[in-house]
Amino acid sequence: MPHVDTHCPYCALQCGMRLTGSRVEPRDFPVNAGGLCQKGWTSGDLLRSGRRLTTPLVRRGGQLRPASWDEALDVVAGTLRELREQHGPDSVAVFGGGGLTNEKAYLLGKFARVALGTSQIDYNGRFCMSSAAAAGLQAFGADRGLPFPVTDLGDADVVLLAGANPAETMPPFVQHLRRADLIVVDPRRTPTAELAGLHLAPAPGTDLALALGILHVVVAEGHLEKSFVDVRTTGFDEMWRIAAAWWPERAERVTGVSAADQRAAAAKLAGARNAYVLTARGTEQHATGTANVGGWINLALALGLPGREGSGFGCLTGQGNGQGGREHGQKADQLPGYRKINDPAAREHVAGVWGVTPESLPGPGRSATELLEALGHDGGPRALLVFGSNVVVSAPRASGVQDRLSSLDLLVVADLVLSETAELADVVLPVTQWAEEDGTLTSLEGRILLRRKALDAPPEVRTDLEVIHGLATRLGQPAARFPADAETVFEELRAASKGGTADYSGVTYERLRAGEALHWPVPAVDHPGTPRMFLDRFAHPDGRARFAAVDHTGPAELPDADFPLQATTGRVLQHYQSGAQTRRITELLDVVPEMFVEVHPDTAARSGLADGERALVRSRRGETVAKVRCVGSLRPDLVFLPFHFPGEGRANLLTNPALDPVSRMPEFKVCSVSLSKVDA
């Protein structure tokens with residue numbers, strides 16, 4: 001059979017692979033250099049799975065039953081039309097995903113704002129990348145996860161990873177860290193922490209205090225890169241007025257990380273020829289996530305790392321198109337090209353490309369958590385269209401989300417499997433998988449990649465672009481305004497992004513097919529792309545980076561007598577996001593088949609629990625049942641739960657929907673819980 005060179009369907013590393021039918025082989029691509037993780041190796045299994053959706057489903061008599069495409073789309077379009085006429089355009093909402101291709105994210109945002117006229121659109125990247133994005137925009141004037149190629153890390157002397165566990169979440173990435181002396185900041189002794197020369201284990205929710213403590217050492221002990229600070233940054237004095245009070249002994253009392261280890265971290269970073277500071281979800285998914293990331297950026301700026309080849313600051317993007325997914329319009333406050341939706345010039349440019357008036361475009365809508373909480377309430381949306389997300393498992397306070405979905409007049413889910421969210425839907429639309437369609441994604445290093453069709457989908461399965469086209473035309477839009485061909489959509493995306501922060505106007509499918517490495521911005525077809533940003537200037541008008549005047553405040557809720565422990569959530573190697581795909585792959589499910597909770601043995605014993613027993617984990621919002629795993633390296637005040645499992649095993653039945661005031665990121669990474677035996 002002929003083979004097709006493509007990319008993995010999972011994380012933002014976007015490892016290169018070769019498909020022959022549904023058989024996967026790795027290929028030599030810069031980020032993975034011939035390696036794949038277990039998820040990548042098994043990614044072909046779902047392509048031939050009998051557990052995927054192959055026909056539309058419409059709820060009749062309380063049951064989801066097979067229907068034709070015309071019937072399903074007519075039901076959706078008719079109900080949407082009625083709701084808009086009776087309650088206005090914001091009675092309809094759209095929820096997207098960070099795994100959608102650039103073309104899908106772009107057309108979905110256009111569909112919401114033009115065909116539906118609604119401001120109510122956001123996506124699950126709000127749960128993933130929003131704090132890092134907000135902090136990057138504040139500091140540098142632009143948000144690209146890694147503003148340098150992944151391969152640059154291979155020459156690093158020291159790398160600090162704050163809240164990142166790539167040994168489990170993106171294993172091929174770790175090969176780029178082999179030369180470096182690693183400093184890992186994580187409350188747990190993860191597989192990544194096992195590789196570190198220095199593991200700093202702060203109390204959950206104290207990341208910013210630790211960053212301030214290390215920064216204090218850098219300045220107080222003479223390691224400040226003053227010439228860089230003076231020439232290429234602004235705001236140092238305001239920041240230092242806060243950091244000056246965070247001597248390492250004070251930070252030790254708050255974080256539990258010794259002053260000696262803080263000094264050791266500062267010395268390693270300051271003494272390195274090439275050093276990087278990288279953050280991920282562990283430090284970002286907090287109600288103070290933007291400030292937390294700002295603290296780590298401050299440390300990098302004080303050391304003169306950003307904007308210098310061989311060193312820098314970056315963020316490890318999570319979802320497969322987490323970068324591109326937030327650039328082209330499916331986020332509540334953005335238009336294509338990473339433009340702000342309330343910017344008159346941005347509105348005029350995009351409206352011109354779309355053939356509508358700027359005044360017809362709605363303004364910013366609710367963020368993801370706020371959108372889900374508003375469903376079915378007075379003034380909130382009465383219908384929701386979900387593309388590429390499983391919010392019943394992935395959203396905070398998940399039981400409340402399930403209640404809100406059940407209150408809707410119409411819930412529509414486009415997915416490739418019958419996810420837990422799809423099970424609640426009124427209409428389910430079966431869509432193609434990654435290897436059954438063409439489309440572009442943007443990796444964690446800002447490189448635009450072409451993921452190519454390798455095999456045909458089942459006959460009754462359509463692409464998301466075809467679904468959007470079918471709905472838009474039924475709502476009265478001209479057929480040409482919502483094309484269903486990926487390359488045609490991308491050509492329009494190029495025009496809409498032109499002149500924006502994320503400028504793709506010089507990217508073409510022809511260049512991508514030829515194998516060109518194009519990192520945005522690519523402002524012209526003869527432009528080579530921008531693999532390394534900020535070497536000459538940062539993206540603010542004055543060319544300078546901004547220090548953030550941020551201070552530690554701690555988590556939104558603290559332990560008490562009723563909830564004496566803190567819980568944190570995260571991923572395991574074998575599963576991805578809500579597990580809707582990986583839980584349907586036998587090889588992966590056999591390794592991690594059910595929900596578990598990691599507990600220190602002494603903590604388990606105090607709760608009357610032993611390894612392997614079932615525990616009830618309760619928070620102020622709900623409870624979950626999990627199998628106990630005793631882990632001697634875990635902090636006694638902490639439990640860990642993976643967030644991949646459904647039903648009574650959902651970690652997000654516990655999590656706190658408290659939001660970051662800037663990014664609107666929920667506080668997934670810390671909440672107060674109790675632990676007890678499950679009643680017989």
Side-chain angles (χ1 to χ4, degrees), residues 4 6 9 52-56 67-78 80-81 92 94-97 99-116 121 123 321 324-325 328-330 336 350 353-356 385-389 412-416 427-441 448 450-497 504 507-510 512-513:
V4 174
T6 187
R52 67 174 299 180
L53 293 166
T54 57
T55 188
S68 69
W69 271 100
D70 281 341
E71 179 186 358
L73 294 177
D74 286 346
V75 167
V76 175
L80 295 179
R81 193 180 299 110
V92 178
V94 178
F95 200 97
L100 301 179
T101 63
N102 289 318
E103 293 82 358
K104 294 176 186 179
Y106 170 82
L107 204 66
L108 192 62
K110 180 182 179 182
F111 172 76
R113 295 180 175 106
V114 175
L116 296 175
I121 176 172
Y123 80 128
N321 199 29
H328 297 300
Q330 64 172 335
V350 173
V353 173
W354 288 351
V356 299
L385 283 66
V386 180
F387 288 78
S389 191
V412 181
V413 175
D415 211 329
L416 56 97
V427 179
V428 180
L429 304 174
V431 292
T432 47
Q433 297 190 56
W434 58 287
E436 298 167 347
E437 59 186 5
D438 289 330
T440 62
L441 297 95
I448 300 101
L450 178 59
R451 204 163 63 186
R452 307 170 93 175
K453 181 177 178 177
L455 67 165
D456 291 330
E460 285 300 303
V461 171
R462 297 186 180 182
T463 69
D464 297 84
L465 298 180
E466 290 171 331
V467 171
I468 295 169
H469 172 86
L471 289 174
T473 54
R474 280 170 171 80
L475 292 170
Q477 291 292 313
R481 183 171 281 169
F482 290 90
D485 173 72
E487 188 168 359
T488 304
V489 175
F490 190 81
E491 286 299 301
E492 186 179 304
L493 182 157
R494 292 176 58 205
S497 73
Y504 286 34
V507 182
T508 65
Y509 268 44
E510 183 180 4
L512 296 176
R513 290 188 187 107

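Only this structure's heavy atoms are used, side chains among them; waters, hydrogens and symmetry mates stay out.
Contacts of F490 classified as ring-ring contact (aromatic ring centres under 6.0 Å, His included), with partners at least two apart in sequence or in another chain: Y509. In this structure, the side chain to side chain contact (heavy atoms under 4.5 Å, CB included) partners of A472, at least two apart in sequence or on a different chain, are F111, A115, Q477, F482.
Side-chain contact check for N321 versus L100: every heavy-atom pair is 4.5 Å or farther apart. Looking only at side-chain heavy atoms (C-beta outward), V386 and V412 stay at 4.5 Å or farther from each other. Counting heavy atoms from C-beta on, the side chains of L416 and L53 never come closer than 4.5 Å. Residues E103 and L107 have side chains not in contact (no heavy-atom distance under 4.5 Å, counting atoms from C-beta outward). Side chains of V428 and D415 form no contact here, defined as non-hydrogen atoms less than 4.5 Å apart. Using a 4.5 Å cut-off on side-chain heavy atoms (C-beta onward), T101 and T440 make no contact. Taking 4.5 Å as the limit, every side-chain heavy atom of W354 sits out of range of all side-chain heavy atoms of R481. Contact check for R52 versus P458: side-chain heavy atoms found under the 4.5 Å cut-off.
When all heavy atoms are compared, the tightest approach of V4 to R452 is CG1-CB, 3.8 Å. When all heavy atoms are compared, the tightest approach of V350 to A496 is CG2-O, 4.2 Å. Between T55 and A67 the shortest heavy-atom distance is OG1-O, 3.6 Å. When all heavy atoms of H328 and L493 are compared, the closest pair comes out as CE1-CD2, 3.8 Å. Heavy-atom minimum distance, A72 versus L429: CB-CD2, 3.9 Å. What you find for V431 and V461 is that their closest heavy atoms are C-CG1, 3.3 Å.
Q330 and Y106 share no side-chain donor-acceptor pair at under 3.5 Å. E437 and T432 share a side-chain donor-acceptor pair at under 3.5 Å.
Under 4.0 Å is where a charged nitrogen must lie from a carboxylate oxygen, and between R494 and E491 at least one such pair does. Using a cut-off of 4.0 Å between Lys/Arg side-chain N and Asp/Glu carboxylate O, R474 and D70 are scored as salt-bridged. Taking the charged nitrogens against the carboxylate oxygens, R462 and E436 have no contact shorter than 4.0 Å, which rules out a salt bridge. Salt-bridge formation is not detected for the pair D438/K453: no Lys NZ or Arg NE/NH1/NH2 atom is positioned less than 4.0 Å from an Asp or Glu carboxylate oxygen.
A donor-acceptor pair under 3.5 Å is absent between the side-chain atoms of W69 and the main chain of P56, judged by distance alone.
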Task: L471 vs L385, side chain to side chain contact (heavy atoms under 4.5 Å, CB included): CA-CA, chis, key distance, verdict - done: CA-CA 11 Å; L471 289 174; L385 283 66; 4.0 Å; yes
Task: K104/F387 under side chain to side chain contact (heavy atoms under 4.5 Å, CB included): CA gap, chis, key distance, verdict - done: CA-CA 9 Å; K104 294 176 186 179; F387 288 78; over 6 Å; no
Task: side chain to side chain contact (heavy atoms under 4.5 Å, CB included) between L108 and D464, worked out - done: CA-CA 9 Å; L108 192 62; D464 297 84; over 6 Å; no
